[in-house]
Amino acid sequence: APQQYQTAAMKYIGEGFRQFGLLWWRSQLMAFVWRPLPYVQRDIRRRRDALGWPEAEPVLAVHVRRGDKGGGGRSGRLVVDMEQYFDQIREMTTGYEVRSVFVA
């Protein structure tokens with residue numbers, strides 16, 4: 001069934017863009033739909049500048065969830081050790097040549 005939906009969706013994509021595939025098309029659509037409003041863009045720029053991050057460089061943002069979702073118990077969820085996060089951060093910053101990391 002998924003292939004059937006992908007084939008059906010591709011007919012709505014212009015011929016010049018079909019070579020990029022459905023994932024590319026969906027990504028472009030989401031980038032357009034979820035673009036920040038001008039006042040949000042200004043706030044983001046202000047906060048970025050306050051942190052001293054360069055404008056044109058990527059920043060790896062990692063949200064570490066703790067507290068209500070960890071510790072086993074009734075939830076049965078596993079708390080991931082911080083060292084595992086840092087291992088992945090090191091791998092991603094090396095692989096993608098990212099120099100700035102924001103951990104929340």
Side-chain angles (χ1 to χ4, degrees):
Q3 182 63 39
Q4 175 186 359
Y5 295 125
Q6 183 165 344
T7 303
M10 288 298 281
K11 72 180 179 182
Y12 296 105
I13 298 174
E15 210 168 297
F17 298 102
R18 288 183 188 156
Q19 65 188 359
F20 299 117
L22 195 55
L23 176 62
W24 177 87
W25 182 251
R26 287 179 179 160
S27 299
Q28 298 305 308
L29 180 62
M30 289 294 99
F32 177 76
V33 169
W34 290 104
R35 70 191 182 282
L37 295 171
Y39 78 93
V40 175
Q41 288 177 338
R42 285 190 299 274
D43 189 48
I44 290 169
R45 237 185 329 270
R46 182 181 60 78
R47 291 170 189 258
R48 181 203 61 220
D49 293 345
L51 290 168
W53 287 339
E55 185 174 340
E57 267 188 36
V59 175
L60 174 63
V62 180
H63 178 226
V64 178
R65 183 135 186 209
R66 295 283 194 213
D68 66 325
K69 292 297 178 187
R74 285 194 335 224
S75 72
R77 293 192 171 105
L78 174 68
V79 175
V80 177
D81 185 57
M82 286 301 293
E83 192 57 39
Q84 288 180 284
Y85 280 99
F86 291 124
D87 290 342
Q88 291 298 310
I89 289 170
R90 281 186 209 98
E91 187 176 318
M92 291 184 77
T93 55
T94 302
Y96 293 102
E97 298 179 12
V98 175
R99 296 186 311 171
S100 298
V101 178
F102 180 80
V103 179

Donor-acceptor pairs under 3.5 angstrom involving side-chain atoms of residues 26-36: please list them, not counting sequence neighbours.
from: Ser27; atom 1: OG; to: Leu23; atom 2: O; distance (Å): 2.8
from: Arg35; atom 1: NH1; to: Phe32; atom 2: O; distance (Å): 2.4

Phe86 and Val62: same hydrophobic cluster, using ILVMFWY side-chain contacts below 4.5 Å?
yes
In sequence, state the C-alpha distance, the side-chain angles, and the governing distance for Val103 and Val64, and then conclude on side chain to side chain contact (heavy atoms under 4.5 Å, CB included).
CA-CA 7 Å; Val103 179; Val64 178; 3.8 Å; yes
Value for CG (Leu60) from CZ (Phe102), rounded to nearest 0.5 Å, stands at 11.5 Å
Mind jotting down which residue pairs meet the side chain to side chain donor-acceptor pair (under 3.5 Å) criterion with at least one end in residues 40-58? Sequence neighbours excluded, please.
Asp43-Arg46, Asp43-Arg47, Glu57-Arg99
Pairwise side-chain contact, Thr93 with Val101, heavy-atom cut-off 4.5 Å (strictly under):
yes
Pairs under 3.5 angstrom only: tabulate donor-acceptor contacts from the side chains of residues 12-21 to other protein residues two or more places apart or in another chain.
from: Arg18; atom 1: NE; to: Met10; atom 2: O; distance (Å): 3.2
from: Arg18; atom 1: NE; to: Ile13; atom 2: O; distance (Å): 2.9
from: Arg18; atom 1: NH2; to: Ile13; atom 2: O; distance (Å): 3.3

What's the separation between atom CD in Glu83 and atom CD1 in Ile89, rounded to the nearest 0.5 Å?
10.0 Å
Nearest atoms (heavy-atom pairs only) where Asp87 meets Arg90:
OD1-NH1, 2.9 Å
